[in-house]
Visitor: 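One structure follows; several queries about it will come next.
Residues: numbered from 1 along the sequence shown.
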Amino acid sequence: MPNKPVVLVNVLKVESKRQEALIALLKQNIDTVVRTLDGWKTSRLIAAADGATVVIYSEWETPAAFEAMRNDARMQACFAKILELANVDSIVGGIVLSESP
């Protein structure tokens, strides 16, 4: 279990007029910070059509990589900026099913 991939899903609730700014901040953080972190596998941003929600889906190779990301000072600084724009609900877990056609 300790070396299984970790999935992080963040659901961010935002005022619709601020969704674009939030997405820009998230993209910048992925491009400049997340990509540099060991153990990062993938990230996806999903914007709700109503403008009130953004979902971040990220995968990390191991729990240790996930914890290192959470403790990274650059990530903590970005998280503070995110909280200025949105409310965040997080789910941490593992993939139990993945299907494609």
Side-chain angles (χ1 to χ4, degrees):
M1 278 264 228
N3 288 322
K4 287 194 174 193
V6 175
V7 174
L8 171 63
V9 178
N10 290 315
V11 179
L12 296 91
K13 295 293 186 179
V14 61
E15 292 178 30
S16 58
K17 65 182 180 182
R18 301 177 103 187
Q19 186 188 50
E20 208 171 292
L22 178 61
I23 291 169
L25 173 64
L26 296 171
K27 283 181 180 180
Q28 179 186 21
N29 188 61
I30 291 167
D31 288 344
T32 61
V33 178
V34 174
R35 289 182 181 278
T36 69
L37 298 174
D38 290 336
W40 172 72
K41 293 176 71 175
T42 189
S43 290
R44 291 185 173 105
L45 299 178
I46 300 124
D50 66 4
T53 306
V54 176
V55 175
I56 308 167
Y57 172 95
S58 297
E59 290 181 31
W60 299 87
E61 290 179 354
T62 63
F66 171 76
E67 285 302 319
M69 174 274 297
R70 291 184 74 165
N71 293 322
D72 185 278
R74 299 168 299 166
M75 290 298 295
Q76 291 175 356
C78 183
F79 191 68
K81 292 177 186 176
I82 291 168
L83 289 176
E84 292 174 9
L85 295 171
N87 294 319
V88 180
D89 189 17
S90 297
I91 301 165
V92 178
I95 296 171
V96 295
L97 176 68
S98 180
E99 292 188 25
S100 298

Visitor: Give me the one residue out of L85, V54, D31 that meets side chain to side chain contact (heavy atoms under 4.5 Å, CB included) with L26.
Guide: V54
Visitor: Apply the test side chain to side chain contact (heavy atoms under 4.5 Å, CB included) to residues W60 and V34: give CA-CA distance (whole Å), side-chain angles for both, the deciding distance (0.1 Å), then the verdict.
Guide: CA-CA 10 Å; W60 299 87; V34 174; 3.9 Å; yes
Visitor: Search all heavy atoms of A47 against all heavy atoms of I23 and return the closest pair with its distance.
Guide: CB-CD1, 3.7 Å
Visitor: Would you say CD of E67 has more than 12 non-hydrogen atoms from neighbouring residues, nucleotides or ligands within 6.0 angstrom?
Guide: yes
Visitor: Taking all non-hydrogen atoms of both residues, which atom of E61 and which atom of K41 are closest, and how far apart?
Guide: CG-CG, 3.5 Å
Visitor: Would you check, one step at a time, whether the test side chain to side chain contact (heavy atoms under 4.5 Å, CB included) holds for D50 with S16?
Guide: CA-CA 7 Å; D50 66 4; S16 58; over 6 Å; no
Visitor: Check whether any side-chain heavy atom of R35 sits under 4.5 Å from a side-chain heavy atom of W40, and report yes or no.
Guide: yes
Visitor: Report yes if the side chains of L25 and C78 come closer than 4.5 Å at any heavy-atom pair, otherwise no.
Guide: yes
Visitor: So do the side chains of L83 and V88 get within less than 4.5 Å of each other, counting heavy atoms only?
Guide: yes
Visitor: Measure the shortest side-chain to side-chain distance between I82 and L12 over non-hydrogen atoms and say whether it is less than 4.5 angstrom.
Guide: yes
Visitor: Minimum heavy-atom separation for I56 to S58, with atom names?
Guide: CG2-OG, 3.7 Å
Visitor: Would you say that I95 contacts E59 through its side chain, given a criterion of any heavy-atom pair below 4.5 Å between the two side chains?
Guide: yes
Visitor: Any sub-3.5 Å donor-acceptor pair from Q76's side-chain atoms to R70's backbone N or O?
Guide: yes
Visitor: Just do the side chain to side chain contact (heavy atoms under 4.5 Å, CB included) check on V92 and V6 with the steps written out, would you?
Guide: CA-CA 7 Å; V92 178; V6 175; 3.7 Å; yes
Visitor: What pair of heavy atoms forms the shortest contact from D72 to R74, and how long is it?
Guide: OD1-N, 2.8 Å
Visitor: Considering only heavy atoms from C-beta outward, does the side chain of S90 approach that of L8 to under 4.5 Å?
Guide: yes
Visitor: Please report the interatomic distance CG(N71) to CZ(F66), rounded to the nearest 0.5 Å.
Guide: 9.5 Å
Visitor: Just so I know, are the side chains of N10 and V55 near enough to count as touching, which here means a heavy-atom distance under 4.5 Å?
Guide: no
Visitor: What distance do K81 atom NZ and N29 atom CG have between them, rounded to the nearest 0.5 Å?
Guide: 8.5 Å
Visitor: Does the Q19 side chain pair with the main chain of T53, one donor and one acceptor, at a distance under 3.5 Å?
Guide: yes
Visitor: Evaluate the side chain to side chain contact (heavy atoms under 4.5 Å, CB included) criterion for residues K27 and L45: first the C-alpha distance (whole Å), next the side-chain angles of each, then the deciding distance (0.1 Å), finally the verdict.
Guide: CA-CA 8 Å; K27 283 181 180 180; L45 299 178; 3.8 Å; yes
Visitor: Are R18 and V14 close enough that some pair of their side-chain heavy atoms sits under 4.5 Å apart?
Guide: yes
